[in-house]
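Below is one structure, written out as structure tokens; comments come after it.
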There are 2 protein chains.
Amino acid sequence: MNTLSYGLLGLLARRESSGYELMLRIQPFWQAKHSQIYPLLAGMEEKHLLSSRWVQQSDKPDKKIYVITELGMQKLREWMYMPIAPSVTKDELSLRTFSLWLSDIGIAFDIYEERRKIYLDKKQYFEGILQGIPKDMCHFGNKEFSNYILASKGLMMAETELKWCDWVLDLLKQHRMQTTSVHKQ
Amino acid sequence: MNTLSYGLLGLLARRESSGYELMLRIQPFWQAKHSQIYPLLAGMEEKHLLSSRWVQQSDKPDKKIYVITELGMQKLREWMYMPIAPSVTKDELSLRTFSLWLSDIGIAFDIYEERRKIYLDKKQYFEGILQGIPKDMCHFGNKEFSNYILASKGLMMAETELKWCDWVLDLLKQHRMQTTSVHKQ
DNA sequence: GCAATCATGTAAGGCGTTACATGATTGT
DNA sequence: ACAATCATGTAACGCCTTACATGATTGC
């Protein structure tokens with residue numbers, strides 16, 4: 001069983017979901033495509049960690065709802081005592097930043113302004129999540145506590161990323177002003 | 001050519017390196033093992049993006065130094081105009097946090113205190129990097145500028161992660177105090 | 001009309017990890 | 001003694017992405 005499987009088990013322990021819905025729920029914390037999740041869920045059902053039923057829908061396509069079994073809950077509880085792998089990040093922007101000195105300042109502006117928008121969207125996404133969480137439910141032992149602290153982390157990180165982007169854009173603006181004033185002299 | 005290859009090309013454009021050194025240099029921004037990097041570099045040499053020479057060392061094992069070619073520089077410059085993929089993060093702690101309500105508060109303390117140490121190390125690592133960068137070199141067009149803004153981001157992110165961890169640990173402490181006082185009443 | 005969302009699935013191939021293999025030097 | 005660091009490489013396997021396949025509904 002890999003980490004993603006345990007993550008899906010954890011989401012299903014909170015409430016039953018379709019594969020499609022699980023894919024959307026896990027996105028903000030672990031980017032996985034439907035083509036990875038569907039076979040994984042099928043495998044977990046074969047191992048009796050999950051059970052499923054088809055639900056007919058009139059306006060939308062039929063969906064397969066997965067429910068966690070007692071064996072699944074057992075495996076999930078065991079997972080909580082296992083060592084946690086360090087976080088892995090792969091951000092092309094960091095690698096691109098290494099080679100910034102090769103291109104002109106216009107490209108640099110485009111790159112960080114584009115990224116700024118992404119961070120702003122991210123910030124607003126987590127602000128929306130936090131607004132939907134009733135604050136009196138946010139204490140340890142409650143399922144809402146996890147949503148609360150995860151959304152708070154998402155918001156804090158997005159705010160920092162946004163701050164960094166603005167700072168970089170300021171440095172670029174300062175440089176552009178200095179070089180144009182040199183031209184005028 | 002994948003993103004990691006361009007990242008390695010970008011590092012080699014700044015200065016020549018061995019495969020081992022490249023593995024260490026790219027770690028903070030893109031986690032890749034030597035077993036992935038060595039065959040990649042060999043492939044890039046076959047495509048004439050790099051050239052290599054063996055350097056003998058008396059105290060340490062011999063090393064193969066890679067140098068970027070003019071063709072490699074050309075490919076790297078072209079890359080700077082291509083769209084940038086969004087950042088991908090896989091953090092087991094986030095998935096573990098979903099299922100926090102299943103385990104007792106002692107486990108929760110262990111988990112976030114362990115992570116706190118990692119964030120503190122990360123913060124100190126980037127502080128060290130920043131201290132080694134001469135501030136007068138930190139403007140656009142200079143190679144040091146990239147190091148400066150990347151290390152600044154690393155530091156800002158680590159500080160935020162640390163702040164978040166302390167905040168979570170505080171919430172856990174508050175909860176523990178409330179529940180023990182209930183027991184006393 | 002065209003794109004997006006909802007919904008599930010498979011197949012091929014590329015990306016990445018773990019393990020194997022070797023071997024000297026340095027620090028605990 | 002034992003672990004860590006330096007240094008390069010290969011092989012097997014698992015993770016993950018891209019593309020293929022289908023099809024209804026909703027909004028622009």
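What you see below is based on every heavy atom in this structure, not just the backbone, and it leaves out hydrogens, waters and symmetry mates. Just so we're on the same page: letters track the sequence lines, and every chain starts at 1.
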Please write out each protein N/O paired with an N/O of nucleotides 4-7 of chain D under 3.5 Å, distance rounded to 0.1 Å.
| residue | atom | partner | partner atom | Å |
| --- | --- | --- | --- | --- |
| D:dC6 | OP2 | B:Y20 | OH | 3.0 |
| D:dA7 | OP1 | B:Q57 | OE1 | 3.2 |
| D:dA7 | OP1 | B:Q57 | NE2 | 2.7 |

(message) Five pairs per end, C1' atoms only: what is the angle between the end axes of the helix from C:dG1-D:dC28 to C:dT28-D:dA1, to 10 degrees?
(response)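 One end's axis against the other's: 50°.
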(message) Test of understanding: with salt bridge (charged side-chain N to carboxylate O under 4.0 Å, His left out), list the residues that count as partners of B:E159, not counting sequence neighbours.
(response)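 If we apply the salt bridge (charged side-chain N to carboxylate O under 4.0 Å, His left out) test to B:E159, skipping adjacent residues, there are no hits.
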(request) Name all residues meeting the salt bridge (charged side-chain N to carboxylate O under 4.0 Å, His left out) criterion together with B:E127; count only those two or more places apart in sequence or in a different chain, and write none if there are none. (result)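 Counting only residues at least two positions away or on another chain, B:E127 forms a salt bridge (charged side-chain N to carboxylate O under 4.0 Å, His left out) with B:K123.
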(request) Look at the side chain of A:E45 and the backbone N and O of A:S52, then say whether any donor-acceptor pair between them is shorter than 3.5 Å. (result)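 Checked: pair present.
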(message) Tell me the interatomic distance from A:N2, atom CG, to C:dT17, atom C1', rounded to whole angstroms.
(response)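 Going from CG in A:N2 over to C1' in C:dT17 covers 13 Å.
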(request) When you get a sec, tell me which of C:dG9, C:dT10, C:dC15 is the closest nucleotide to the side chain of A:P39? (result)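 Comparing C:dG9, C:dT10, C:dC15 against the side chain of A:P39, the answer is C:dT10.
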Scan nucleotides 17-22 of chain D against the protein and return all N/O pairs shorter than 3.5 Å with their distances rounded to 0.1 Å.
| residue | atom | partner | partner atom | Å |
| --- | --- | --- | --- | --- |
| D:dT18 | O4 | A:S35 | OG | 2.7 |

(request) Group every Ile, Leu, Val, Met, Phe, Trp and Tyr by side-chain heavy-atom contacts under 4.5 Å, then state whether A:L155 and B:M156 land in the same group. (result)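 The answer is no; the residues belong to distinct hydrophobic clusters.
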(message) Nearest 0.5 angstrom please: A:K117 NZ to A:D121 CG, how far?
(response)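 Going from the NZ atom of A:K117 to the CG atom of A:D121 covers 9.5 Å.
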(request) Return the set of residues passing side chain to side chain contact (heavy atoms under 4.5 Å, CB included) with B:K63 (not counting sequence neighbours), or none when no residue passes. (result)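 Applying side chain to side chain contact (heavy atoms under 4.5 Å, CB included) to B:K63 gives B:S18, B:V55, B:Q57, B:I65.
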(message) Closer than 4.0 angstrom, basic N to acidic O: yes or no for B:R77 and B:E70?
(response)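 Looking at B:E70 together with B:R77, the answer is yes, because their closest N to O distance falls below 4.0 Å.
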